[in-house]
Asks: 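My questions will all concern the structure given below.
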Protein chains: 2
Amino acid sequence: MHNAVKQEATMSHNKRAELIQNALPLFYRNGFHATGMDLVAKETGVSKTSIYKHFRTKEDLIRAVLQLRDENFRTWLFGRMEALSDTPKGQLLAMFDALEEWFLEDKFQGCMFIKASAEFQSKEDAINLQSFDHKRLLEDHFHNLAAEAGYAQATQLSRELLLLKEGAIVLAAMSHSHAPAMQAKRMAEVLLSETN
Amino acid sequence: MHNAVKQEATMSHNKRAELIQNALPLFYRNGFHATGMDLVAKETGVSKTSIYKHFRTKEDLIRAVLQLRDENFRTWLFGRMEALSDTPKGQLLAMFDALEEWFLEDKFQGCMFIKASAEFQSKEDAINLQSFDHKRLLEDHFHNLAAEAGYAQATQLSRELLLLKEGAIVLAAMSHSHAPAMQAKRMAEVLLSETN
DNA sequence: TTCAACGTGAACTGATCTGTTAATCTTTAT
DNA sequence: ATAAAGATTAACAGATCAGTTCACGTTGAA
């Protein structure tokens with residue numbers, strides 16, 4: 001329990017990746033400003049000296065954490081969508097089933113990128129831009145599926161689905177309920193049948 | 001005792017209200033953890049000693065700020081909805097026109113309650129609960145209007161509108177664009193015509 | 001064995017955090 | 001006028017913040 005993982009001989013890319021991976025849930029649960037680097041060192045088992053060997057500043061570490069989160073989340077979400085349906089339109093709807101699975105997890109604490117952009121609100125802030133990039137990558141994927149499904153208004157539809165997703169996440173996090181997932185899915189079904 | 005309390009409350013009321021009002025934009029712009037009490041004292045012109053005479057902790061001040069924000073925002077939003085339409089259904093749609101006005105303001109920085117619940121995520125946290133209360137008050141108002149408009153599924157409809165509103169706010173804040181307002185309005189129009 | 005290279009954690013900056021204390025200034029009521 | 005009460009400045013706690021320094025332990029090569 002207490003630092004059960006022993007240090008390896010060298011702090012290689014493995015160790016660095018391990019640090020990022022272990023720091024992620026800390027920032028996700030406690031927030032960015034509220035999580036100090038001493039706590040990161042203590043909880044990850046990596047000394048502050050080593051941390052600052054790999055990252056110039058706390059912000060650099062946060063950006064690396066967010067990059068990992070982006071990769072993990074998109075891989076997981078797109079994977080679940082594919083697993084739950086064979087058709088493009090079915091996958092778009094299955095996105096909300098995947099969301100519900102996420103909302104039901106004990107560790108669910110809202111969207112890390114919404115929280116990141118809430119704490120780093122400056123328009124030019126790299127963390128803010130990075131958070132929006134994540135949303136754009138999601139929209140791109142929805143757009144591809146909508147086009148593949150034959151929708152002429154693929155752009156509009158993908159933006160609508162993203163808006164439903166963000167609204168569902170915010171309400172699920174604030175209400176501690178998984179209900180917004182199926183609610184958003186019903187709304188998506190109406191919009192997918194109305195649009196052409 | 002009763003007399004003394006009454007005196008203190010009366011005397012302090014102006015200064016206290018002024019402090020809350022001036023602290024609000026500070027927390028809104030800079031975030032809660034990132035805004036120190038020294039900055040609050042400096043920017044509001046109220047000494048730290050006086051601040052801590054009125055509020056036991058920083059959290060108490062934040063809660064007072066959020067209470068003011070809740071009152072101000074609901075008064076403004078509901079007022080704009082009434083000003084823009086005479087009918088209940090029209091007011092529900094006009095909500096998104098009001099949102100667009102908000103998004104276009106220079107000072108727009110997203111929803112203060114989403115940001116508050118993002119920084120104070122603990123389920124039992126008073127700030128978190130208070131933030132959700134705000135959303136419930138909005139949903140209640142939407143519910144009343146939907147029922148007044150004759151919708152049988154007023155509960156479902158009011159939740160859908162709230163979800164659209166939250167999604168639009170998040171995307172408007174992250175993308176620095178007002179477009180999500182009209183996008184959500186179009187979605188609401190579809191849902192209002194589909195539901196009965 | 002010996003030496004050099006290197007990653008490491010404890011201890012340290014100096015700044016800032018929330019919250020307090022003490023002395024001084026302003027106001028107000030009698 | 002005078003005393004009580006309020007509000008202010010200014011300095012101060014004690015903790016914690018991001019980030020740095022340094023002595024130590026482990027390693028590998030000769």
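Basis for what follows: all heavy atoms, side chains included, without hydrogens, waters or symmetry-related copies. Lettering of chains follows the sequences in order, A, B, ..., and the numbering in each one begins at 1.
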Asks: Of the residues in residues 121-128 of chain A, which ones touch DNA chain C at a heavy-atom distance under 4.0 Å?
Replies: none
Asks: Does B:F78 have any ring pair (Phe, Tyr, Trp, His ring centres under 6.0 Å) partners at least two apart in sequence or in another chain, and if so, which?
Replies: B:H141
Asks: Tell me, please, which residues at least two apart from B:R29 pass side chain to side chain donor-acceptor pair (under 3.5 Å).
Replies: none
Asks: Under 4.0 Å between a side-chain N/O of A:S47 and OP1 or OP2 of C:dG9, yes or no?
Replies: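 The answer is yes; a side-chain N or O of A:S47 sits under 4.0 Å from OP1 or OP2.
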Asks: Taking the side chain as every heavy atom from C-beta outward, state whether A:L129 and A:D125 have any pair of such atoms under 4.5 Å apart.
Replies: no
Asks: Would you list the pairs meeting ring-ring contact (aromatic ring centres under 6.0 Å, His included) in which at least one residue belongs to residues 112-131 of chain B, sequence neighbours left out?
Replies: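 Residue pairs passing ring-ring contact (aromatic ring centres under 6.0 Å, His included), neighbours aside: B:F32-B:F120, B:H33-B:F120, B:F113-B:H134.
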Asks: Regarding A:K107 and the six-membered ring of A:Y28, is the cationic atom NZ or CZ under 6.0 Å from the ring centre and inside 45° of its axis?
Replies: no
Asks: Quick one: side-chain contact (heavy atoms from CB on, under 4.5 Å) partners of A:A188, sequence neighbours excluded?
Replies: A:L93, A:F96, A:L161, A:L164
Asks: A:S50 side chain N/O closer than 4.0 Å to the phosphate oxygens (OP1, OP2) of C:dG7?
Replies: no
Asks: Pick out the pairs of N or O atoms, protein on one side and nucleotides 17-19 of chain C on the other, that lie under 3.5 Å.
Replies:
residue: C:dT18; atom: OP1; partner: B:K58; partner atom: NZ; Å: 2.5
residue: C:dT18; atom: OP2; partner: B:M37; partner atom: N; Å: 2.7
residue: C:dG19; atom: OP2; partner: B:Y52; partner atom: OH; Å: 3.1
residue: C:dG19; atom: OP2; partner: B:K58; partner atom: N; Å: 2.7
residue: C:dG19; atom: N7; partner: B:K48; partner atom: NZ; Å: 3.0
residue: C:dG19; atom: O6; partner: B:K48; partner atom: NZ; Å: 2.4

Asks: Rounded to the Å, how far apart are A:I51 CD1 and D:dT20 C1'?
Replies: 14 Å
Asks: Is there, by distance only and without an angle test, a donor paired with an acceptor across the side chain of B:T49 and the base of C:dT20 below 3.5 Å?
Replies: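 No, no donor-acceptor pair under 3.5 Å.
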Asks: Which residues satisfy the side chain to side chain donor-acceptor pair (under 3.5 Å) test with A:S122, sequence neighbours excluded?
Replies: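 Result, side chain to side chain donor-acceptor pair (under 3.5 Å) vs A:S122: A:E124.
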Asks: Using atom CG of B:L19 as one end and atom C1' of D:dA7 as the other, report the distance to the nearest whole Å.
Replies: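 Rounding to the nearest Å, CG of B:L19 and C1' of D:dA7 are 13 Å apart.
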Asks: Could you list the residues that satisfy side chain to side chain donor-acceptor pair (under 3.5 Å) with A:D38, not counting sequence neighbours?
Replies: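 If we apply the side chain to side chain donor-acceptor pair (under 3.5 Å) test to A:D38, skipping adjacent residues, the hits are A:K48.
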Asks: Between atom CZ in A:F55 and atom C1' in C:dG7, what is the gap in whole Å?
Replies: 16 Å
Asks: Mind calculating the distance between NZ (A:K53) and P (D:dT21) to the nearest angstrom?
Replies: 11 Å
Asks: Between atom NZ in B:K42 and atom P in D:dT8, what is the gap in whole Å?
Replies: 17 Å
Asks: Can you name the residues that form a ring pair (Phe, Tyr, Trp, His ring centres under 6.0 Å) with A:F55, not counting sequence neighbours?
Replies: none
